[in-house]
Amino acid sequence: MTPPARSVNAQADADHVSLLAPSRNRDGRSLPSTASSVMASSRGQASTYATAREAPGSFNSQLRPTTSHDGRLRPDFDNYAIIVGEDDSTNTEQRQAELQDQIEKETKIKIGSENLLEALNAKNAKNTAGQRLQVEEQLNISNRKLAQLKSGLAAEIQRARDIKSPPPDPQSRLSYLFRRNLSRSPSRHVAKKQEEEEDETESPTFVLAEVLQALEADNMQPEYYVERANSLVDLLKRHPTLKYDLAWSIFGLRMQMMLLSDSREVVAAAYRVMRYAFTDRKSLQIIRGLHTDYLVILSLVKESKASVEREQALKFVRAFLDVKGGVEEISRAVVRIIVAVAEHTDDRLRNIATLTLAEILIRKPELLVAAGGMGTLTDALGEGNYHAAESVGTALVYLLDTPHRRQFLRSGHELESPFAMFTDAGTAHSHLHEEKLKANAKVIASLLRSWPGLLTLCMDSFLPIRSLLMSLQIPTPHVRNVLLELLFDILRIKPPSWSSSFLAGRRLTTYGRVTNLKNQAIQESSSASQDPTNKWNLLEHYVAVVLAAFLHAGLVPALLQAEEDPLTLPLKRKTTLLLGEILKMANELLPSSWSSELQVLPQLLQSASKFTTEDRFVAIGTIYQVDSVNRTLYRSGNSSLYTSKAQTPKENDSVSRQTDQSKAQVAMQVDEPTFRAMLVDTQVLATVSFQKWRWDLIQTIIEGPLLNSKRLEEAIKATKFIHRLLGFYRPFKYRFSDVKNTKPNQRYVRAGCALMNTLLQNPEGVRYLGDSKFIRQLAECLSHFDRMSGLTSESPMFQVDRMNETLTGGYFALLGALTKDPKGIQILERWRVLNMFYHIIELHDRDDLIRTLLSNMDYTLDGHIRIIISKAMTSCSKEIRIFATRLLRKYATRPMQPSGSSGVAEWAIKLLVTQLYDPDVEVCEVAIKILEEACNQTESLEFVVKCRPALDHLGEIGAPLLLRFLSTSVGYHYLDGLDYITREMDDWFLGRNDTYVALIEASMARALADIPEKPPSHPSYDDAPETLEYGIVPPHFYRELTRTKEGCKLLKQKGHFDEFVATIRDFAMENDDPEIILKLKGCLWAVGNVGSMELGAPFLESSDVVNWIVQIAERSEVMSLRGTAFYVLGLISRSLHGQEILLECGWDGALNEAGEALGFCLPLNFGKLFSMTPWRTKPDSISWKRKAEVRVAVTDSDPVNARILKLATDLGNTVLAKKAANDLQAIKAKKASGFTKPAIFHKVMQVLEAHHFRLPACRFVLDLFDKSVLQQIVLEEEDQSEESTDSESASDTDGAPKIS
């Protein structure tokens, strides 16, 4: 395939940026670039380019020159010779992208056609027949196009694989460079093989020596050095250990010469090579000995047209951060320049520089503070332009956590900068201002999702939060809208399904269906006898304290004031909705002492009771609206907590069952004339064309009147209704089996399943179904895949393309409906369908058929169907075994049958226990997760223990299930017999407690971060796909141990609880040592988990540990430790005795209507939780030898030089800068000798390090010096006499800036 021709002129006109931009394919990996070699031997030494992964600290890799050795542009045929493979792969990637776009468009057209068809089918058939035909024709066209596009995409993917199929040798693309005769060049693959063999025989050390020797050549073209540098990078990538054997005397000299080059590309290539040569901190010190600090500074201050060099210089500095202890080798002078880059508004590297400063802040805050970078980061946090401002906020929050790190935040108000955009907002509206507000709202929300951020923003009597709430009074609609959205986000309120209609202005009384949603939700989510202590949500406890903080700061009065002064009607409705949600949350999450005052809305009632003013009508209307929203919220969804669910499921189940039965009875009682009229209206009796039938009415008849035996008999014998309906499903009539597999057409499958169920309810229906051709023909189609039947077919019904494109797979849903009833299974046995199922399971090349079969069967009845799935779980491929194991989830999690009968849950659990011994660990892991979910029910847990599973061979995977066993006496004795308890107990005591801290903190951080989950790559056929629940308290050994009396006895004998209490008592006020803080957190979680159980009461009462935990929550200087103590107090409040102890300590807990503890508690004196001591910066911690350096730097014996130094210092003063620049230009014009002396250069660099300068000022003053000065310094050729006269300054700098 010939690549497209490239314009020579375009290359000539291109900027250096475009010339050296890395070529990348769609998955982000760098493609190999070209290289050429003049000094290369026939072996093809090492002229290769870097490919594959990025360098440490990099954002871009590849450098590629575009000029030839003699400086001319390469002709087009050379481009073809070099990058055939690259252009092939690039073009195929482009075609794949185009095909993907076309597939997406066609898919949207298809979905739209399906939806339109579904809408037309619901209307009168006579009026919409023509439209329906047009839509179906368009749907068929879309399906054909999609099939063509998908096959084309598959062909392109295969073509791309064919292009990449030879071994990836970067040198093969450069093979033409090593041929003496281009006209007789061997084939590409032959050249690859030859060079691959040569590469394998060559020693990497030898190649390294050759490349370094080649770099000795002087006066070559820039691309010559760039190619050698890139080949060196590639060598270091392929042989990572080679960098440990570098001879730095030679390597360093080569790099110095490249860094002093006039070509920006050569300098950039040198930075890139040195990045790959980093090994440890010692290597960084050696590289800094090459005077790289000065070189990096000079590169970063250059103008934006030197973008490649500047970018590589910054990546070079960033790579220091990837080396252990590397931040210690970054000088303050370099950080000063990075600060200047980050402050420069139009700089392309501004974002990367800001990110680098944030990373330095975490690694070594004193360095950043000394370099004056804190103000830059604060501006980035609050100005709304930096798109990764949340990362800066995270760095500041990290510093705020402990008193030692907190000292570096001098003012203590750094986190308040994002609030300024709201409080300073004027009445003018612009799109840019709104975008900045939204960016700052994200930053504020992220700050309030951590304990250090929350505690800091609640200091000074909640001043930042109060200022935010007062911004609701600003009469600008977009400001108020962003603020309301921010409050929804902070309080994690998910608007109900009807909110969009309500905000659009529809009345709440129109939502008639919401009254039934609550019962449905509870019915779906309820599971009998589920243990509520297994799902404790810390996230809701955190939301409770955030809500309390905002209420304390005046949230409700601020919203009521916004209600009284609505700027627009949608904003008024949004405020009303938020107010209703807040009242509902307060009722659920906060203690009654908080919520009872709020619910009456005293401010509104007071306004409504003033009969002398007209404002009372607004207040009355608001009260009505809030009340209406509250009632609708209550009806439309169950609460987010486990308030009174435990009492409702059985009642709801019985009520819903009664209503369903009454509806069915009403539907069955249809008189004969009405029934016949309904049959006629379906159009089934009038025409055989199923497209004209009214399927909605057919479904209603099947699920209603036909359940009456008299009506069914009439439909079978007196009319052709059942005959035609069942005939539609007969395979060999090719009607149902040829219908396209689309979303609207699934109604045919639903109607077929309902028909099977209805026929099985009546003996007449069973007889008719058993004798019909439908089952007989279906059995014949299945027999084509049964090797024992002897029947074959050229185009079998269940072949792969038919299964994908048509409703053929729906036949298995109809067969599955038959397996729900013993009479249906008898019909299947009569026609030997079950025998064929056994043989289909044994097929090795039809996993799709096996999946469809297994997922549609019903396993409630004991019999052959259960044997079939157990066979699939043991003898099929790994994918099918995992799939079949997942299918058992909905059966294993059902409630257990009463003793004496073996139910479906028992069967599923036994089968899952068998899966624990599968040779593939993935299968075992799926079985473990399902069993763990089943163990939420006490009866199921005891049954799993009775199965006595051995989990030793699974290691950590089986640990959560074993922990669940501890919660019953049966499980305790079983594990005690295995000697598991004592071993695990010692393990937790000695180290697992600390691991638990990391686990639960990571879970909470992930839950608060609101990162959207990726959709599963494979379709899931089980009821609920596996979703990780973040923010839930993970199982803890000591909590499970305290569930039984035997466990409590063992815990008391071991004395572990007393050890935990002693640790908490001894180190409660620790604020510095991270190891002790981690140990303390582990002990807190252990005590909290023990105290959360009712049997843990004696442990809490025998010690004063709760008092100490309260002290930590109210007085600890470590903010994250306060958060841990707060969560632990919530755990303790989950038990009644814990509530009593907490009341004595001044904390109140939330209860539900039944008086059960919810696990949310707050201090009665709410301010105590946020009482932080303001910190003051200690000057000693961030001091540097500033005065001494400046004193030396601004003095010189020569008055002209002293004048230069004074003027250079004045450039940092915005008032004096212009005059100082003019004076320096004048001195330069007089050719003053100071600009050629290294000693003066050293002093100017000291001035730049000691003071804050803008980037243009740094560039201006450094550009005044001759280029020879830098060469003298780097190559250490400074004049001895000059060194002796200025020994004072030279000894201070030693050739490079140092950090004090």
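Shown here for Pro895 and Ala905, the closest heavy-atom pair between the two residues is O-CB, 4.1 Å. Considering all non-hydrogen atoms of both residues, Leu853 and Ile840 come closest at CD2-CG2, 4.1 Å. Pro796 and Arg802 make their closest contact through O-CD, 3.9 Å (heavy atoms, listed as atom of the first residue, atom of the second, distance). What you find for Gly770 and Arg830 is that their closest heavy atoms are O-NH1, 3.1 Å. Asp847 and Ser877 get closest at one heavy-atom pair: OD2-OG, 3.4 Å. Listed here is the closest heavy atom pair of Leu707 and Ile702: CG-O, 4.2 Å.
Between the side chain of Tyr917 and the main chain of Ala950, a donor-acceptor pair closer than 3.5 Å is present. Between the side chain of Gln761 and the main chain of Asn757, a donor-acceptor pair closer than 3.5 Å is present. In this structure a side-chain-to-backbone donor-acceptor pair under 3.5 Å is missing from Thr808 to Phe798. Under a 3.5 Å cut-off, the side chain of Tyr748 and the backbone N or O of Trp695 do not form any donor-acceptor pair. Remark: side-chain polar atoms of Thr758 are not paired, donor with acceptor, to backbone N or O of Leu755 under 3.5 angstrom. Side-chain atoms of Thr819 come within 3.5 Å of backbone N or O of Asp858 as a donor-acceptor pair. With Arg964 contributing its side chain and Glu932 its backbone, the two residues share a donor-acceptor pair below 3.5 Å. At distances below 3.5 Å, not a single donor-acceptor pair connects side-chain atoms of Glu713 with backbone N or O atoms of Lys710. Without hydrogens or angle criteria, Thr874 side chain to Lys871 main chain gives a donor-acceptor distance under 3.5 Å. Between the Asn140 side chain and the Glu137 main chain, no donor and acceptor come within less than 3.5 Å of each other.
Thr885 and Gln915 form a side-chain donor-acceptor contact under 3.5 Å, judged by distance and modelled atom types alone. Inspection of the Glu829 and Asn835 side chains reveals no N or O donor paired with an N or O acceptor under 3.5 Å. Under 3.5 Å, the side chains of Thr687 and Ser689 contain no donor-acceptor pair of N or O atoms.
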Hey, mind stepping through Leu712 and Leu759 against side chain to side chain contact (heavy atoms under 4.5 Å, CB included) and telling me if it holds?
CA-CA 8 Å; Leu712 181 63; Leu759 291 175; 3.9 Å; yes
field: Arg767 vs Glu764, salt bridge (Lys or Arg N to Asp or Glu O under 4.0 Å): CA-CA, chis, key distance, verdict
entry: CA-CA 5 Å; Arg767 194 179 310 111; Glu764 184 65 31; 2.6 Å; yes
Under the side chain to side chain contact (heavy atoms under 4.5 Å, CB included) criterion, do Cys935 and Val944 qualify, and how do the steps go? CA-CA 8 Å; Cys935 287; Val944 174; 4.0 Å; yes
Between Arg886 and Ile882, is the side chain to side chain contact (heavy atoms under 4.5 Å, CB included) condition met? List the steps.
CA-CA 6 Å; Arg886 282 202 176 113; Ile882 292 174; 3.7 Å; yes
For this session: Test Glu879 against Arg851 for side chain to side chain contact (heavy atoms under 4.5 Å, CB included), laying out the working first.
Result: CA-CA 10 Å; Glu879 288 74 21; Arg851 274 199 182 93; 3.8 Å; yes
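Here the SG atom belonging to Cys753 is positioned 9.5 Å from the CD atom belonging to Gln699, to the nearest 0.5 angstrom. Between the CD1 atom of Ile930 and the NZ atom of Lys890 there is a distance of 12.5 Å, given to the nearest 0.5 Å. Separation of atoms CG (Leu962) and OH (Tyr974) is listed at 7.5 Å; rounding is to 0.5 Å. Note: Thr860 OG1 to Arg866 CZ = 7.5 Å, rounded to the nearest 0.5 Å. The CD1 atom of Ile825 lies 7.0 Å from the CG atom of Leu834; values are rounded to the nearest 0.5 Å. Once rounded to the nearest 0.5 Å, the distance linking NZ of Lys743 with CD1 of Ile111 reads 8.5 Å.
Between Glu714 and Arg711 a salt bridge is recorded (basic side-chain N to carboxylate O distance below 4.0 Å).
Side-chain contact between Leu818 and Val833 is absent, with no heavy-atom pair separated by less than 4.5 Å. Side-chain contact between Leu815 and Met857 is present, with heavy atoms from C-beta onward closer than 4.5 Å. Inter-residue side-chain proximity for Leu146 and Thr107 is flagged as met; some heavy-atom pair is nearer than 4.5 Å. Residues Asn708 and Phe675 form no side-chain contact, since every pair of their non-hydrogen atoms from C-beta on lies 4.5 Å or further apart. Counting heavy atoms from C-beta outward, Met896 and Ile909 have side chains that approach closer than 4.5 Å. Looking at heavy atoms from C-beta onward, Thr806 lies out of side-chain contact with Ser737 at the 4.5 angstrom threshold. Contact of the Gln826 side chain with the Asp821 side chain is not registered, since no non-hydrogen atoms from C-beta on lie closer than 4.5 Å. At least one side-chain heavy atom of Leu726 sits less than 4.5 Å from a side-chain heavy atom of Tyr768.
For an aromatic pair to be called close, the ring centres must be under 6.0 Å apart, and Phe690 with Phe736 fails this.
Applying the salt bridge (Lys or Arg N to Asp or Glu O under 4.0 Å) rule to Asp920 yields the partners Arg881; only residues at least two apart in sequence or on another chain are considered.
Using bins of under 30°, 30° to 60° and over 60° for the plane-to-plane angle, the ring pair Tyr859/Tyr891 lands in the perpendicular bin. Using cut-offs of 30° and 60° for the angle between ring planes, the His864 and Tyr838 rings count as perpendicular.
A 6.0 Å sphere centred on NZ of Lys145 holds no more than 12 heavy atoms belonging to other residues, nucleotides or ligands. With a 6.0 Å radius and a threshold of 12 heavy atoms from other residues, nucleotides or ligands, Glu922 has its CD atom at or below the threshold.
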Donor-acceptor pairs are to be reported for all side-chain atoms of residues 772-790 against protein atoms at under 3.5 Å, with residues two or more places apart or in another chain.
residue	atom	partner	partner atom	Å
Ser772	OG	Leu769	O	2.8
Arg776	NH2	Asp771	O	3.1
Gln777	OE1	Phe732	N	3.1
Ser783	OG	Glu780	O	2.5
Asp786	OD1	Met788	N	3.0
Asp786	OD1	His839	ND1	2.6
Asp786	OD2	His839	ND1	3.1
Arg787	NH2	Glu842	OE1	3.3
Ser789	OG	Ser783	O	2.7
Ser789	OG	Asp786	O	2.8
Ser789	OG	Leu791	N	3.2

